[in-house]
Amino acid sequence: MEVLQSLNSGGVYLICGGIVAFIAAVCVVFMVRAWRAGLALGMDRTKMKRAVTASATFSVLPSVGIFLGVVALSGMLGTPWPWLRLSVIGALHYETQVADAAVERFGTAGGGMTLEIFPTVALLMSVCIMWGMILSALFNKKYTDRLRRAGEKPEGNGKKAGGFGDKAMAAMFIGMVSAYLGSYLGSFISRKPGPEGGAEYVSAVFSFRGPWMPLAVALAAALAMAVFTYFSEKKKMAWLDGFSIAGSMLIGMLVAAVLPA
Amino acid sequence: MNTQQQYESYLKKTHLLGRIVSVVTLILLVGAPFAIGALLGSAPDLGKTLTGFLAVGLVWTVSSVVEFLVYTPMLGAGGSYLAFITGNLINMKIPCAVNAKELVDAKSGTPENEVIATLSIATSSLVTILVLAIGVALMIPLQPVLQDPRLKPAFDMVVPALFGAMAYKYYRKAPILALIPLCVMTLVFTLAPSLTGSTSFMIIPSGALAIALAYWFHIRDGRKAGGAEKGEKQP
């Protein structure tokens, strides 16, 4: 309790809050620059507004989920550090895994957090995931310049025709979705509840007793998306597009809350 | 200055700004544990951090390299600087930017895509920062609602809900292309269920397979179109 009180002290809030405020300012600067660049390029203001609105609505629900990650981690790391980690650079699955592993390695016999090990755990969490940012700082320019040169030539108005690049990106996304859906299906087919019950599952090839909730939720969200798409495309309600993903996710998550675990 | 020159100048400044901001963020994030340690009366143990990194962090390093190579083309210059600073790529930033790009029909590699991706990632990051800041401020009065056992299963399922919705959106455009990686991944996870803990790494072979198939379809369609044109020209 005393450890958590120290980790939730005003000084720690100030350090973490200051960094979060800096990142928020960076986002605003990038946003304003991109908006102005779009106008200078002759882009349609309505299109840009639509992208901003859709991105905002899209991000609300996952952000609430991320906030719940802060709540989940706050029992071990206090509130300000998970708040910083999940506002900047982090991802819930990563933070949870590294924090758990670090406390397990460095912690007390009972696996608990102490004020002595906290800075080491916090540094490890920072070091393990900083490489994307380092690579971006070092190679983003070279990489994106190379990609631009490999693309097609401009067609007068600065807009380029989509070649295989677009198809490759869509395919990459299909691959990503397939990996997750495949894991839900495979998990259902080849896992079964562990001896201790609860949310613990163990490998059991072709037992068909694995967790089914992710499949049910994914299916519900996909069906909701189909309904949104129908109204958007067939009933000419294009405005629904901006809410379709967030709305579908909400319906999928509601199914998880309603169905018996 | 014409539009192309303006765009080039914008990109140049974006790279400069992106690099400065990335380095500053890096210093802040690595420095924070030292600052907090000083406040708490202890300091990070560098030896333990190194051994911990070798045990836990190497796998995330590989993942970071792959993420950089795969996501940078999707997000463009400005979008990727911001995305790698603000994180939450797979579960939010990437689908968010792809969704925005689809909405306005921006093609990859175009100036329009660069602008839309940056706007999308910046907006998404600000929403997350705002939601988290409000949440942290209200944390104490919100605790009973957030810890309501009826809501927990819903928030545990954010990722399946996201990928279910995205699956419909993308699979319907290329059902045959989607079916093959889905079947292969299902088979892999069925035969090696322990891999479910490494789903984020399985994105690499799954994505590679989907891209290879898309390339094959692309070449095949190109040949078909070429053949049809030749046929039309012949008397």
Just so I know, are the side chains of [X] and [Y] near enough to count as touching, which here means a heavy-atom distance under 4.5 Å?
X: A:Pro119; Y: B:Phe34; result: no
X: A:Ser183; Y: B:Leu195; result: no
X: A:Tyr201; Y: B:Thr196; result: no
X: A:Val177; Y: B:Leu182; result: no
X: B:Gln6; Y: A:Leu41; result: no
X: B:Met166; Y: A:Met225; result: no
X: A:Ser136; Y: B:Thr72; result: no
X: A:Phe22; Y: B:Thr25; result: yes

Heavy-atom cut-off 4.5 Å, strictly under: side chain, backbone, both or neither for [X] against chain A?
X: B:Ala43; result: backbone
X: B:Val184; result: neither
X: B:Pro205; result: neither
X: B:Leu162; result: both
X: B:Leu46; result: side chain
X: B:Lys12; result: neither
X: B:Val98; result: side chain

Please walk me through it: do A:Cys16 and B:Ile36 pass side chain to side chain contact (heavy atoms under 4.5 Å, CB included)? CA-CA 9 Å; A:Cys16 297; B:Ile36 294 171; 4.2 Å; yes
Test side-chain hydrogen bond (donor to acceptor under 3.5 Å, both in side chains) applied to A:Ser178 and B:Tyr171, step by step: CA-CA 9 Å; A:Ser178 300; B:Tyr171 281 14; 2.8 Å; yes
Is chain B contacted by the side chain of [X], its backbone, both, or neither, given a heavy-atom distance below 4.5 Å?
X: A:Met133; result: both
X: A:Ile134; result: side chain
X: A:Ile89; result: both
X: A:Thr120; result: both
X: A:Phe118; result: side chain
X: A:Phe188; result: neither
X: A:Thr229; result: side chain
X: A:Ser203; result: both
X: A:Thr144; result: side chain
X: A:Ala224; result: neither
X: A:Leu14; result: neither
X: A:Val29; result: side chain

If we define contacts as heavy-atom pairs under 4.5 Å, which of [options] has the most with chain B?
options: A:Met176, A:Met31, A:Lys141; result: A:Lys141
options: A:Ser126, A:Ala34, A:Ala122; result: A:Ala34
options: A:Pro82, A:Ala257, A:Ala24, A:Ala222; result: A:Ala222
options: A:Ala204, A:Ala51, A:Gly247, A:Gly252; result: A:Ala51

Spacing of [X] atom [atom1] and [Y] atom [atom2] [to the nearest 0.5 Å]:
X: B:Ser80; Y: A:Asn140; atom1: OG; atom2: CG; value: 4.5 Å
X: B:Phe189; Y: A:Ser187; atom1: CZ; atom2: OG; value: 9.0 Å
X: B:Lys169; Y: A:Ile174; atom1: NZ; atom2: CD1; value: 12.5 Å
X: B:Glu112; Y: A:Met43; atom1: CD; atom2: CE; value: 4.5 Å

Option in B:Thr14, B:Leu50, B:Leu11 with maximal non-hydrogen atom pairs under 4.5 Å from chain A: B:Thr14
When only pairs under 4.5 Å are counted, which of B:Ala97, B:Ala100, B:Ser22 shares the most heavy-atom pairs with chain A?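 Of the options given, most contacts go to B:Ser22.
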Using only atom types and a distance under 3.5 Å, with no angle test, would you say the side chain of B:Asn88 pairs donor to acceptor with the backbone of A:Leu86? yes
Does the A:Arg191 side chain pair with the main chain of B:Thr190, one donor and one acceptor, at a distance under 3.5 Å?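 Side chain of A:Arg191 to backbone of B:Thr190: no pair is present.
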Might you point out which heavy atoms bring [X] and [Y] nearest each other, and give the distance in Å?
X: B:Ala165; Y: A:Ser248; result: CB-CB, 3.7 Å
X: B:Thr3; Y: A:Ala40; result: CG2-O, 4.4 Å
X: B:Thr118; Y: A:Phe30; result: CG2-O, 3.8 Å

State which residues pass side-chain hydrogen bond (donor to acceptor under 3.5 Å, both in side chains) with A:Tyr143; sequence neighbours excluded, sorted by chain then number. none
Stepwise, does the side chain to side chain contact (heavy atoms under 4.5 Å, CB included) test hold for A:Phe206 with B:Leu191? CA-CA 8 Å; A:Phe206 292 114; B:Leu191 297 177; 4.2 Å; yes
Classify the angle between the aromatic ring planes of A:Tyr180 and B:Phe163 as parallel (below 30°), tilted (30 to 60°) or perpendicular (above 60°). parallel
Side chain to side chain contact (heavy atoms under 4.5 Å, CB included) partner of B:Pro44, chosen from A:Leu123, A:Val121, A:Leu124: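 The option that passes is A:Leu123.
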Please lay out, stage by stage, how B:Phe84 and A:Leu135 fare under the test side chain to side chain contact (heavy atoms under 4.5 Å, CB included). CA-CA 9 Å; B:Phe84 285 109; A:Leu135 288 171; over 6 Å; no
Sequence neighbours excluded and cut-off under 3.5 Å, please list the side-chain donor-acceptor pairs for residues 122-132 of chain B, or say none.
residue  : atom : partner  : partner atom : Å
B:Thr123 : OG1  : B:Leu119 : O            : 2.6
B:Ser124 : OG   : A:Ser59  : OG           : 2.8
B:Ser125 : OG   : B:Thr86  : OG1          : 3.2
B:Ser125 : OG   : B:Ile121 : O            : 2.7
B:Thr128 : OG1  : A:Ser63  : OG           : 3.0
B:Thr128 : OG1  : B:Ser124 : O            : 3.0

Test B:Leu40 against A:Leu7 for side chain to side chain contact (heavy atoms under 4.5 Å, CB included), laying out the working first. CA-CA 8 Å; B:Leu40 301 175; A:Leu7 296 179; 3.7 Å; yes
